[in-house]
Amino acid sequence: MSSESRRQLLNAVTDLFLLDEAPSEASQAHYGDIALHSLPHLETGDRRDYAERVSATPTLPRDVAVTLASDPDSDVARLVLKLSPVLTDTDLAAIAVSQSQHHLMAIAERVRLSESVTDILVERGDRDVLHTVSANEGASLSEKGFDRLIERGAGDSGINLALSTRSDLTPNRAERVMRIVEQLSDEGGLWSKPSSEALTLARQARHQRLEVKLLLADLAAGTRPLDEVITVLAEEDRAFHLALVFAQVASLSTEQSLRVLMQRDASGIAVACRALGLSNGAYEAILTLRARRLIFAKDRVKDDLKSYVELDTATAERTMRFLKLKTKLA
């Protein structure tokens with residue numbers, strides 16, 4: 001009944017649970033019961049270690065993920081809030097309206113955020129949270145949320161510059177933000193960067209938005225090879241633009257593309273790339289981008305590239321057809 005005994009028990013059961021890539025509902029329920037009964041008795045450091053271990057596990061029982069993500073200690077909750085694929089918008093919203101700014105920051109760093117969750121972050125978040133949300137292209141902004149972010153970021157050069165460099169801005173929003181950027185630059189003294197550099201970054205972002213539209217048009221017309229487009233975008237660390245390309249060529253939603261591209265397990269993006277006939281070199285460029293974004297070791301890139309080389313094209317194509325059918329029927 002000691003804390004140490006419970007820690008050992010939870011670790012042992014977790015070892016077994018993680019070995020099963022497709023656990024049954026009964027197995028998940030049993031594991032969830034053990035985890036939920038053990039967690040309240042563990043020391044903070046032990047809860048943090050456990051959370052780091054299971055944060056990105058797609059089969060983790062939702063009740064366990066919610067318990068970890070709601071932990072009063074933000075160090076325990078952080079990685080689960082940032083990475084867990086089992087947390088729903090309802091879960092994230094409930095945590096966002098009740099927990100600390102550190103919890104909000106972790107949510108703001110998720111690869112993908114719905115408008116409803118982003119709206120809460122924009123309303124409740126401090127300056128650090130607002131900076132993170134404005135720079136996160138995976139954070140969808142409703143009209144209300146965008147207006148509120150502009151309002152709360154008034155006079156804050158970092159927020160407005162981050163917004164101006166987003167690649168997902170509509171022409172109307174981009175024009176609006178650019179006017180603010182130019183106004184702040186003219187006033188002087190507000191930018192952490194020299195005004196000319198700030199304007200250059202904002203205009204470069206606007207150019208990139210136009211560029212990706214042209215690239216998508218070239219791909220649709222067959223005038224530019226997919227390998228070339230993927231490699232260029234990956235080497236320039238343009239993850240959101242990569243997701244747009246995958247969405248078009250693989251007939252996926254942008255949200256699905258982003259999730260597949262940036263989830264820690266590379267099997268999904270490997271299947272998509274192999275089914276599209278992407279070369280080993282182009283895939284390696286994607287792995288390098290992922291390593292930068294997800295802080296992977298170089299050995300991880302080598303291992304994932306080796307697995308890709310061995311991946312059979314026919315198997316990848318069957319898997320993609322199955323996933324698209326499954327998504328359509330859901």
Any sub-3.5 Å donor-acceptor pair from [X]'s side-chain atoms to [Y]'s backbone N or O?
| X | Y | result |
| --- | --- | --- |
| Ser70 | Thr67 | no |
| Thr57 | Val54 | yes |
| Arg290 | Leu261 | yes |
| Ser257 | Leu244 | no |
| Arg274 | Thr315 | no |

With a 4.5 Å cut-off on side-chain heavy atoms, are [Y] and [X] touching?
| X | Y | result |
| --- | --- | --- |
| Val117 | Arg110 | no |
| Leu215 | Arg224 | yes |
| Tyr283 | Val309 | no |
| Val245 | His241 | no |
| Glu284 | Asn280 | no |
| Leu92 | Leu81 | yes |
| Met320 | Glu317 | no |

Can you see which heavy atom on [X] is nearest to which on [Y], and at what distance?
| X | Y | result |
| --- | --- | --- |
| Val122 | Leu130 | O-CD2, 3.6 Å |
| Ala291 | Val301 | CB-CG2, 3.7 Å |
| Ile286 | Ala234 | N-CB, 4.0 Å |
| Thr132 | Glu109 | CG2-CG, 3.9 Å |
| Leu10 | Ala35 | CD1-CA, 3.7 Å |
| Ala69 | Leu87 | CB-CD1, 4.0 Å |

Point to revise | Step-by-step side chain to side chain contact (heavy atoms under 4.5 Å, CB included) determination, Asp147 to Glu151 | key: CA-CA 6 Å; Asp147 290 343; Glu151 179 184 344; over 6 Å; no
Hydrophobic cluster membership, with links at side-chain heavy-atom distances under 4.5 Å among I/L/V/M/F/W/Y: are [X] and [Y] in one?
| X | Y | answer |
| --- | --- | --- |
| Leu79 | Leu68 | no |
| Leu104 | Val66 | yes |
| Val232 | Leu278 | no |
| Val129 | Ile120 | no |
| Leu141 | Met105 | yes |

Practice item. Might you work through the side chain to side chain contact (heavy atoms under 4.5 Å, CB included) test for Arg112 and Ser140, ending with a clear yes or no? Key: CA-CA 8 Å; Arg112 194 70 176 167; Ser140 300; 3.8 Å; yes
Review point. In terms of heavy-atom contacts, does CZ of Arg47 have more than 12 from other residues, nucleotides or ligands at under 6.0 Å?
Key: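 Yes.
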Check your understanding: Within a radius of less than 6.0 Å around CD of Glu228, do more than 12 heavy atoms belonging to other residues, nucleotides or ligands occur?
Key ->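 It does: Glu228 CD has more than 12 such atoms within range.
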Looking only at the side chains, is there a donor atom on one of [X] and [Y] sitting less than 3.5 Å from an acceptor on the other?
| X | Y | result |
| --- | --- | --- |
| Ser116 | Asp89 | no |
| Ser307 | Asp304 | no |
| Ser27 | His30 | no |

Atom [atom1] in [X], atom [atom2] in [Y]: separation rounded to 0.5 Å?
| X | Y | atom1 | atom2 | answer |
| --- | --- | --- | --- | --- |
| Leu19 | Leu16 | CG | CG | 6.5 Å |
| Arg127 | Gln101 | CZ | CD | 12.0 Å |
| Leu216 | Gln248 | CG | CD | 4.5 Å |
| Arg62 | Thr88 | CZ | OG1 | 4.0 Å |
| Gln99 | Asp71 | CD | CG | 8.5 Å |
| Leu219 | Leu214 | CG | CG | 11.0 Å |

Point to revise | Residue pair Gln28, Thr59: steps toward the side chain to side chain contact (heavy atoms under 4.5 Å, CB included) verdict | key: CA-CA 8 Å; Gln28 285 182 300; Thr59 57; 3.9 Å; yes
**Study point:** Steps toward side chain to side chain contact (heavy atoms under 4.5 Å, CB included) verdict (Ile150, Leu163)
**Key:** CA-CA 9 Å; Ile150 291 290; Leu163 278 175; 3.8 Å; yes
**Study point:** Ring geometry between Tyr31 and Tyr50 (parallel below 30°, tilted from 30 to 60°, perpendicular above 60°)
**Key:**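 The rings of Tyr50 and Tyr31 sit tilted, inter-plane angle from 30° to 60°.
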